[in-house]
Undergrad: 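A single structure is presented below for examination.
A note on names: the letters A, B, ... follow the listed sequences, proteins ahead of strands, and every chain is numbered from 1. For clarity, every value in this text was computed on a predicted model and none was experimentally measured.
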Number of protein chains: 2
Amino acid sequence: MNTEADVNDFIQNGYQEYLTHLSIDPVILGYHQQQLKILLLKWKGYKDWGLPGGFIKQREPLSKAAHRILKEKTSLSNLFLQQFYVFGDSPYRVQERSPQEFRDKFNLQVEDDNWLLKRTIAIGYFALVDYSKVRVQTDFFTEDYQWWDVAAVPKLLFDHNEAIDKALLTLRLQIYHQPIGYNLLPEKFTLPEIHSLYESILGKELDQRNFAKKLIALGLIQKLEERRSIGAHRSPYLYQFVKEKYEQALQEGIVHTY
Amino acid sequence: MNTEADVNDFIQNGYQEYLTHLSIDPVILGYHQQQLKILLLKWKGYKDWGLPGGFIKQREPLSKAAHRILKEKTSLSNLFLQQFYVFGDSPYRVQERSPQEFRDKFNLQVEDDNWLLKRTIAIGYFALVDYSKVRVQTDFFTEDYQWWDVAAVPKLLFDHNEAIDKALLTLRLQIYHQPIGYNLLPEKFTLPEIHSLYESILGKELDQRNFAKKLIALGLIQKLEERRSIGAHRSPYLYQFVKEKYEQALQEGIVHTY
DNA sequence: ACAAAAGTGTTGTCTTTACACCCATGG
DNA sequence: CCATGGGTGTAAAGACAACACTTTTGT
């Protein structure tokens, strides 16, 4: 959606292709340099940053729509992608927008009843992605993108800060029941990497010995013979997830504390 | 909504009052005679039973809508009510219905583009209610209602079985992080009652001594001097929730195993 | 040789689990 | 007096939490 004709068609006729009143707002989390990062977009006409977003096609299954939108934004498929909340309470999610607002932001004229002015209820999804593989696409509505440390997210558009808080809370709760990391780390990773990932997610320090013991005792990860030479100092061993155990734990759940 | 005029107006003009494409489907759980029960409705024109349902008003906050719908169906307010999943994948949730189908079910003629024929994405909420206080309202579309043991739910309409499974799964996970029972039990209850409630929810036996010890150690419930005389046999003591501890546990979460 | 990061075990404490008998009451 | 359901404690096992020193390697 980058030519002017495409954009106009989307604005005028998008209601035929997409469901009105509904959007999918993905919280895209990656991990890089010991920090949990979130992908935010700079929306045209707004000074604050915001989450990506997308609409559901008329006959598209909801989960397909979520995957499609993620792919459009990040070029990644087969992500870990999960619903975490539906947002329909904040003032922004209740009121319609005005054509003036639309003109101010995008310099485009629309009718009062244009579908893009309607209230949208947002289905929040969070995605865990391999930071290094993401190739972000921008479009007419989104001018720029940037990865932010989740600990330093600025004030965002609409209720997006709330959405991120909720996504992180869900992730923190979930980490006690399900293994997490498969989609956030490269295939082979070191103990310090996964250790620090878990510390980032939980926002607290975890004893390195107990942490490694636990993951290995659960059989979730296994040590490889390879090591990584990062430069100075002792080279860390590489580990990988034991896929079967990981899948099993996703299904059946685990209870533990780290 | 019981007069013919009301129903006709709802069908023809409801799209002005309500958001299209979206419904709220509540899984209403109660507890009675040692069984976890679910409230199901008999929808006009369908042979299978189904969940209650409702629509969101144009400018109504989502959570208000959920509470309103619950109140309309059960006459209860201030319920424990929580989103658990959005359903938008099953074939029924993707395809539009036909006017024929509508005529067959309700004996009413509608146009091809009637709002009630459109695909609906359902926001699943579960409600925990005090069984004894529910007064069910039926209407034009729902002819009858019945409480079912969750262990013996029949084949239901659309994807409603899936919704119930997901609701129960969510509840089971949640019970490890949050106290549950405040809204399912009367104000004063006995240890055997809450014990059996937890067994119903978790679907497994819990040691009675350990269970009581745990709840008391957490400070969630307290013993009263009163006893209940149920008839034959030793009279059980009554307990009640310690509201402050309960609220605190809801907020902060707990980790335990029962 | 020094600085920086990785690797590795043990112990005490707390939590969890398993388990069975007596008591009270109504019929 | 008997049948039914309610109440109560202890001990063994397992899980968790706390803790520090040695090894490796590049500069």
Side-chain angles (χ1 to χ4, degrees), chain A residues 32-35 175-177 179 181 185-186 188-200 202-240 249 252-258, chain B residues 32-35 175-177 179 185-186 188-200 202-240 249 253-258:
Chain A
H32 185 60
Q33 289 183 338
Q34 322 264 83
Q35 290 182 325
I175 209 170
Y176 290 111
H177 289 300
L185 294 169
K188 296 174 182 178
F189 51 85
T190 67
L191 278 186
E193 281 170 347
I194 189 171
H195 174 233
S196 126
L197 167 63
Y198 273 64
E199 287 189 335
S200 305
L202 291 171
K204 67 180 183 192
E205 292 196 357
L206 301 171
D207 182 276
Q208 66 177 318
R209 282 168 286 195
N210 295 337
F211 178 78
K213 247 183 291 175
K214 183 108 197 190
L215 285 188
I216 292 165
L218 287 167
L220 286 176
I221 62 173
Q222 69 186 184
K223 195 179 196 170
L224 303 173
E225 281 314 305
E226 296 172 75
R227 291 160 162 245
R228 171 183 297 160
S229 299
I230 353 179
H233 326 307
R234 186 173 184 171
S235 309
Y237 282 98
L238 289 171
Y239 284 75
Q240 69 185 10
E252 299 172 8
I254 42 184
V255 177
H256 54 183
T257 51
Y258 296 108
Chain B
H32 186 59
Q33 290 183 338
Q34 320 264 82
Q35 289 182 327
I175 209 170
Y176 289 110
H177 288 300
L185 292 169
K188 297 173 181 178
F189 51 85
T190 67
L191 278 187
E193 281 170 347
I194 189 171
H195 175 233
S196 127
L197 167 63
Y198 273 65
E199 286 190 336
S200 305
L202 291 171
K204 67 179 182 194
E205 292 196 356
L206 302 170
D207 182 275
Q208 65 178 320
R209 281 169 287 198
N210 296 336
F211 178 78
K213 246 183 293 176
K214 183 106 197 191
L215 285 188
I216 292 165
L218 287 168
L220 286 176
I221 61 174
Q222 70 186 183
K223 196 181 197 169
L224 302 174
E225 281 314 305
E226 296 171 75
R227 288 157 165 249
R228 171 182 297 160
S229 298
I230 356 179
H233 325 308
R234 186 173 184 173
S235 311
Y237 283 97
L238 289 172
Y239 284 75
Q240 68 184 10
I254 41 186
V255 177
H256 52 182
T257 49
Y258 297 106

Undergrad: Using whole Å, what does the distance between atom P of nucleotide dG9(C) and atom CG of Asp207(A) come to?
TA: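 Checked: the CG to P distance equals 14 Å.
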
Undergrad: Quickly work out the Leu238(A) CG to dA5(C) C1' distance and round it to whole Å.
TA: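 Checked: the CG to C1' distance equals 15 Å.
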
Undergrad: Can you work out whether Arg234(A) or Asn210(B) has the more 5'-proximal nearest nucleotide on DNA chain C?
TA: Arg234(A)

Undergrad: Mind listing the closest non-hydrogen atom pair of Arg227(A) and Ser235(A) along with its distance?
TA: NH1-O, 3.1 Å

Undergrad: Starting from P on dC16(D), measure out to CG on Leu215(A) and report it in whole angstrom.
TA: 12 Å

Undergrad: In whole Å, I'd like the distance from the OH atom of Tyr237(A) to the C1' atom of dT25(D).
TA: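 Interatomic distance, OH of Tyr237(A) to C1' of dT25(D): 14 Å.
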
Undergrad: Can you check the His233(B) NE2 to dC2(D) C1' distance for me, whole Å?
TA: 11 Å

Undergrad: Between Ala232(A) and Gln208(B), which residue's closest nucleotide on DNA chain D lies nearer the 5′ terminus?
TA: Gln208(B)

Undergrad: Rounded to the Å, how far apart are Leu218(A) CG and dC16(D) C1'?
TA: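 Value for this atom pair: 13 Å.
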
Undergrad: Determine, for Tyr239(B) and Lys223(B), whether the Lys NZ or Arg CZ falls below 6.0 Å from the six-membered ring centre while staying within 45 degrees of the axis.
TA: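 Geometry flag: not set, cation outside 6.0 Å or 45°.
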
Undergrad: Roughly, in whole Å, what's the span from CD1 in Ile216(B) to C1' in dG6(D)?
TA: 13 Å

Undergrad: Between Lys214(A) and Arg209(B), who's closer to the 5' end of DNA chain D by nearest nucleotide?
TA: Arg209(B)

Undergrad: Closest approach of Glu199(A) and Glu205(A), non-hydrogen atoms and distance?
TA: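 Closest approach of Glu199(A) to Glu205(A), heavy atoms only: OE2-CA, 3.4 Å.
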
Undergrad: For His195(A) and Leu206(A), which heavy atoms make the closest approach, and how far apart are they?
TA: NE2-O, 2.6 Å

Undergrad: Over how many whole Å does the gap from Ile221(A) atom CD1 to dG7(C) atom P extend?
TA: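 Answer to the nearest Å: 11 Å.
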
Undergrad: Quick one: is dT10(D) close enough that its OP1 or OP2 comes under 4.0 Å of any side-chain N or O from Lys213(B)?
TA: no

